[in-house]
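These numbers were taken from a predicted model, which means no experiment stands behind them.
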Amino acid sequence: MPAAIFLDRDGTLIEEVHYLSRLEDLRFLPGVPEALRSLQAAGFTLVLLTNQSGVARGLLTEETLQKLHAALTDRLASAGVHLDALYYCPHHPDYGPPRYRKSCTCRKPATGMMEAATARLQLDLSASWAVGDKWSDLEGPLKMGCRAILVRTGHGREQEVLRVEAPVGVQVVEDFPEAARKILAETNLS
Ligand SMILES: [Mg+2]
Ligand SMILES: [Zn+2]
């Protein structure tokens, strides 16, 4: 069974922009496409999981979000990276019209998106990792037996100081390329 990297989007792979909605604001953080390519070459399945409550809040439509994701996927493809799956949660418990305003099972830290990916791609969670800039990106995967890395890009630095020490199984690194190197180093050892 393949192992996955559960990837957060904003502040982890791309620049944190407050409720990104414009294509011209979509920018990869330094070294990200290359780091994804190295993980893919090592045999990892790449799964992007992103909370997009901007949809519920009326700041962008799902159509716009899908255009952004098509652009993101295209840019990765031209760097030789194939995303195996991309899931987003458009909901928020307190905002928006009824179809978006709900306590859903997909909004991280809930595990609905990763469970859907795990079932569809038959993933080995014990060999999988999560990388994100918020603890809420990592809690679900940790609970389900993955290892996890918090990056200091995006909201990472603010998040890091919210906890006296990282939970068991979590490493904190500067950025996504460093996270990828850690994962590859530990993969080669096992
Ligand atoms: Mg993020
Ligand atoms: Zn949701």
Shortest non-hydrogen contact from [X] to [Y]?
| X | Y | answer |
| --- | --- | --- |
| Leu65 | Val55 | CD2-CG2, 4.1 Å |
| Ala179 | Val131 | CB-CG1, 4.0 Å |
| Arg37 | Val81 | N-CG2, 3.7 Å |

Open item on the list: Quiz question: by atom type and distance under 3.5 Å, do the side chains of Gln52 and Thr50 form a donor-acceptor pair?
Closed with: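 A donor-acceptor contact under 3.5 Å links the two side chains.
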Open item on the list: Salt bridge or not between Arg157 and Glu174? Use side-chain N to carboxylate O under 4.0 Å.
Closed with: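 Salt bridge flag = yes for Glu174 with Arg157.
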Heavy-atom side-chain contact between [X] and [Y] under 4.5 Å:
| X | Y | result |
| --- | --- | --- |
| Leu39 | Leu184 | yes |
| Pro33 | Arg75 | no |
| Glu15 | Leu29 | yes |
| Asp8 | Lys134 | no |
| Met114 | Ser128 | no |
| Phe6 | Leu123 | yes |
| Glu186 | Arg147 | yes |

Open item on the list: Using the rule that Ile, Leu, Val, Met, Phe, Trp and Tyr join whenever any side-chain heavy atoms are under 4.5 Å apart, tell me whether Ile183 and Val32 fall into a single cluster.
Closed with: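 Hydrophobic grouping puts Ile183 with Val32.
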TODO: Answer with yes or no whether the hydrophobic clustering places Leu150 together with Leu142; edges join I, L, V, M, F, W, Y residues whose side-chain heavy atoms lie under 4.5 Å apart.
DONE: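 Leu150 clusters together with Leu142.
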Task: Backbone of Trp135 reached by a side-chain donor or acceptor of Gln159 within 3.5 Å - done: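 Yes, Gln159 side chain to Trp135 backbone: donor-acceptor pair under 3.5 Å.
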TODO: Return yes if some donor-acceptor pair links the side-chain N/O of Glu16 with the main-chain N/O of His155 below 3.5 Å, else return no.
DONE: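 No, Glu16 side chain to His155 backbone: no donor-acceptor pair under 3.5 Å.
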Throw together a table of side-chain donor-acceptor distances under 3.5 angstrom for residues 83-94, partners on residues two or more places apart or in other chains.
{"unit_1": "Asp84", "atom_1": "OD2", "unit_2": "Leu46", "atom_2": "N", "d": "2.8"}
{"unit_1": "Tyr87", "atom_1": "OH", "unit_2": "Arg120", "atom_2": "NH1", "d": "3.0"}
{"unit_1": "Tyr88", "atom_1": "OH", "unit_2": "Glu62", "atom_2": "OE1", "d": "2.4"}
{"unit_1": "Tyr88", "atom_1": "OH", "unit_2": "Gln66", "atom_2": "NE2", "d": "2.8"}
{"unit_1": "His92", "atom_1": "ND1", "unit_2": "Asp94", "atom_2": "N", "d": "2.9"}
{"unit_1": "His92", "atom_1": "NE2", "unit_2": "Arg57", "atom_2": "NH2", "d": "3.3"}

Task: Spatial distance of atom CG (Asp133) from atom CG (Leu138) [nearest 0.5 Å] - done: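 Between atom CG of Asp133 and atom CG of Leu138 there are 9.0 Å.
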